[in-house]
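What follows is a short report on a single structure.
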Amino acid sequence: MKFLFESDTWQEIYGSIRKNKVRTAITIIGVLWGIFLLVVLLGSARGLENSFNKLFGNFATNSVFVWTQSTDTPFKGFQKGRRFSLTMNDIDVLKSEYSNEIKLLAPRNQTNNLIIKDFKSGDFRVSGDYPILDQIQKKKLIYGRFLNENDILNNSKVTVISEDMYKQLFDIDEMPVGQYIKINSIGYQVIGVYEASNVGNFDGDCAYIPFTTYKRVYNTANKVDWMMITANENVDIEQMERDVILTLKGLHKVHPNDERAFGSANLGKEIGKITGFLTGMQFLTWFVGIATLIAGVFAIGNILLITVKERTNEIGIRRALGATPKSIRQQIILESVFLTTIAGMLGIIFGSLILFGIDSAIGQGDDAVLVNPTVNIPIILIAFITLIILGTLIGLIPAHMATVVRPIEALREE
Amino acid sequence: MIRIEKLHKSYPIGKDSLHVLKGIDLHIKEGEFVSIMGSSGSGKSTLLNIVGLLDIHDEGDYYLNGQLIKDMNEKKAALLRNKFLGFIFQSFNLISYKTALENVALPLYYKGMNRKDRLKIALDYLEKVGLKDWANHLPNELSGGQKQRVAIARALVTKPKVVLADEPTGALDSTTTDNVMDLLKDINDEGMTVFVITHEEEVAEQTKRIVRLKDGLIISDELTKASKAV
Ligand SMILES: Nc1ncnc2c1ncn2[C@@H]1O[C@H](COP(=O)(O)OP(=O)(O)OP(=O)(O)O)[C@@H](O)[C@H]1O
Ligand SMILES: [Mg+2]
C-alpha cells in the first residue's frame, strides 16, 4: 500500500489521465451521472415522503370514523329504511368493551351556523368536541389554547376558531383571544385560533366548542352525530372497525348483515395506499439508481479496456523498461479507482446542489411539493464505496489483459 | 555475458508453426560490440527479443550473466530487464505524452529511485547525447535522430550490462546514423556489451563482430577491421 502515498504513483496517473482527456471525461461523466441520479432520485423520493408525512403527520393514521345512515334490512319488527342516531351510551359501551383496542374515542356533533363578530359575519361549521380531538387531529394553535376539561365540565361558552375565520371576522392584528363572537345568536368567548392545514383538518373552517356546551345549546340530548376512534398500536384497525360496527348493530337492533346502517371510513387504509405508493417509488428509485451505477461502472470497465488496448504499446514499452506486472496492474486499477472517486464525488456534489435548488424552489412553505429533499449520508457513502469497489474489480480485467501478453507482442502493436 | 546453446523458436501460425530459429549457438562476452545481419525474415529480431527477455524460446539454453533463463515469471523478467538490459528500437518507442526527460527517467522509476535523483541522472544522460536543451520537449517535437538519441539515453540510464538495439539507425539518414553509431561506440568503450541488428554494411563495419543469420541459422561469425584496429 506504500505506493499509494508516493508522489510518483500519482504523477504517473496524472500524466496518463491528462493525456487521455476524452476518455477521462467520458468515464467521469458516466459515473457522475449514475451517482447524480441516485442522489437526486433518493432525495426527491425522500422529499415526497416528507411532504406526505407533513400532510398526514398531524393526524393519527390508525383512525376509523363511524356514523349512522339508514337500515337496508328489516329486523326485529323494524321496517327497513329506519333512521337512528349514535348515542353517548354507545360511546360508553365501546369504551368499556374495547378498552384494550381503543386508544382515543371522540364523539362529535356538528352543524352549520351563522357566526357574527361586530359587523362581520360568515357561515361556518360548528363542532361540539372533547379535548382529545386535539390528540387525534393535532391542532397547531396560533393564538391561545384548545378546549380543555374545565370547558367541558362547566359547559363554558368558549370557542376555538380557524385562522381563516379569524381573518374574516377580525381586524388585522386584532387580538382574538378573549373577544366574543356570536354563533347562532349566542355569545362565545374566543380562546384560541388554530392554523389551517391541508389534509389533517377535514373539518374545514370550524368553530370548536365544548361537547357539553353543544349538547345544551343545540338540545341534542344523548345524540352523537359521529365518532372518531383511534386504535392502540398493533391493533388491526380493519378488524376493529368490523367489530365495533357489529357491537353497534347489536345496540341499535340492526340486522348483523345490514350493509347500510352504519357508515365508516378507515383513514389507515387510505393512507396505506399512499404509503404503498411511496414504498414503490423508493424501490423504483433504488432500482434505477443502482442500475445506473452498475452501468456507470461497466462504462468505466469498458473505457479502461479500450484504454488498455490503445495503450498496449505504451505498456509494452514500460515493461521493456522494467515495469513489473504488479506495477502495471496497480497503475491501471489506481486510475480506475481515482476516476471513479472523482466522478462519484462530483456526482454527489452536483446532486446535492440540485436537491438544494429543488428545496429552495419547491421545498419550503406550507404547500411545498417536496419537503426537505435530502439523502442519507450513510446511504450515499455505501453507494460510493460500492462504486469504488466495483471500479476496482472492473479495473482488474483490463489490468490483467495488459499483463498476460508477452511484452514483445505488446510492443509490436501500434 | 550472453550464452546461447542450440536455441530454437517457432511461431504458431494457425495449425502450423513457423520454425524461425533453428539451433543458434552464440556466445557474447562482456564488453563486446556485436552486430547481427541477415535478410528480412531471417530471425534477427526474434533472436534479439529472446535475448532481451521480451519473448521466450522453445528449446535450447539461454544464460544471461551466467543465469539460466528458463520458465521465468514475468516479474523476474521485468527485474532482470530493468537491471541488466537497455533497449533501443527502430521506431524509438518513446512515450508520447512524456517529455524527453521523463522518458529517460522512466526506467529509474521502475528501479524505485526517487523523482529528484531520477530527473537529475536523466538530465546527465540527455546531456551526454547532446539533448540537454531539449529535455522538456515532447517526442513529437523532436526529429528522428533526436528521438533515437533520447531512446539511447533511456537505454543507458540504468547502466545496463547489455544494450540491445533493433535497427537503431533504420529510420535515420546517414549523418544521424553516424551520430548514433558514435554514441554506441562510446557506450561500448565504457565497457557495456552492445548488440545491434542492422541491414547496413557500413553500420555493421563499425561494430567489432558481425554475426550473419540466414533462415534461422548462423552462417558466419567474424571479427571486423574495427576490432582489429584497437
Ligand atoms: N509473433 C509472430 N508470429 C508469427 N510469426 C512471426 C512473429 N514474429 C515474427 N514472425 C515471423 O518470424 C520470422 C522472423 O521474424 P523476425 O522479425 O525475427 O525477422 P527479422 O530478421 O527481424 O526481419 P526484418 O529484417 O524484416 O526485421 C518472419 O518470417 C516473421 O514473419
Ligand atoms: Mg526485425
Subject >> Heavy-atom pair count under 4.5 Å with chain A, highest-scoring of B/L53, B/V157, B/N82 >> reply: B/N82

Subject >> Those residues that, when tested against B/H199, pass ring-ring contact (aromatic ring centres under 6.0 Å, His included) (two or more places apart) >> reply: none

Subject >> Note: B/K9-B/D55 ion pair, threshold 4.0 Å (strictly below) >> reply: yes

**OP:** Side chain from CB out, backbone as N, CA, C, O: work out which of these in B/N49 comes under 4.5 Å of a heavy atom of chain A, or both, or neither.
**Re:** side chain

Original post:
Short question: side chain of B/S39, backbone of B/S42 - any donor-acceptor pair under 3.5 Å?
Top reply: no

Subject >> Side chain A/T386, main chain A/I382, donor-acceptor under 3.5 Å >> reply: yes

Subject >> Residues of residues 318-329 of chain A within contact distance of chain B, non-hydrogen under 4.5 Å >> reply: A/R318, A/R319, A/A320, A/L321, A/G322, A/A323, A/T324, A/P325, A/S327

Subject >> Segment of B/K98 engaging chain A (4.5 angstrom heavy-atom cut-off) >> reply: side chain

Original post:
By a 4.5 Å heavy-atom criterion (distance strictly below it), what part of B/L94 contacts chain A: side chain, backbone, both, or neither?
Top reply: backbone

Subject >> Toward chain A, the part of B/T158 with a non-hydrogen atom under 4.5 Å >> reply: neither

Subject >> From CA spacing to verdict: ring pair (Phe, Tyr, Trp, His ring centres under 6.0 Å), B/H8, B/H19 >> reply: CA-CA 8 Å; B/H8 286 262; B/H19 202 176; 5.2 Å; yes

Original post:
What's the spacing between B/L184 CG and B/S35 OG if we round to 0.5 Å?
Top reply: 11.0 Å

Original post:
Once the angle between the rings of B/F89 and B/F87 is folded into 0 to 90°, is it parallel (under 30°), tilted (30 to 60°) or perpendicular (over 60°)?
Top reply: parallel

Original post:
To the nearest 0.5 Å, what is the distance between CD (B/E74) and CD1 (B/I56)?
Top reply: 9.5 Å

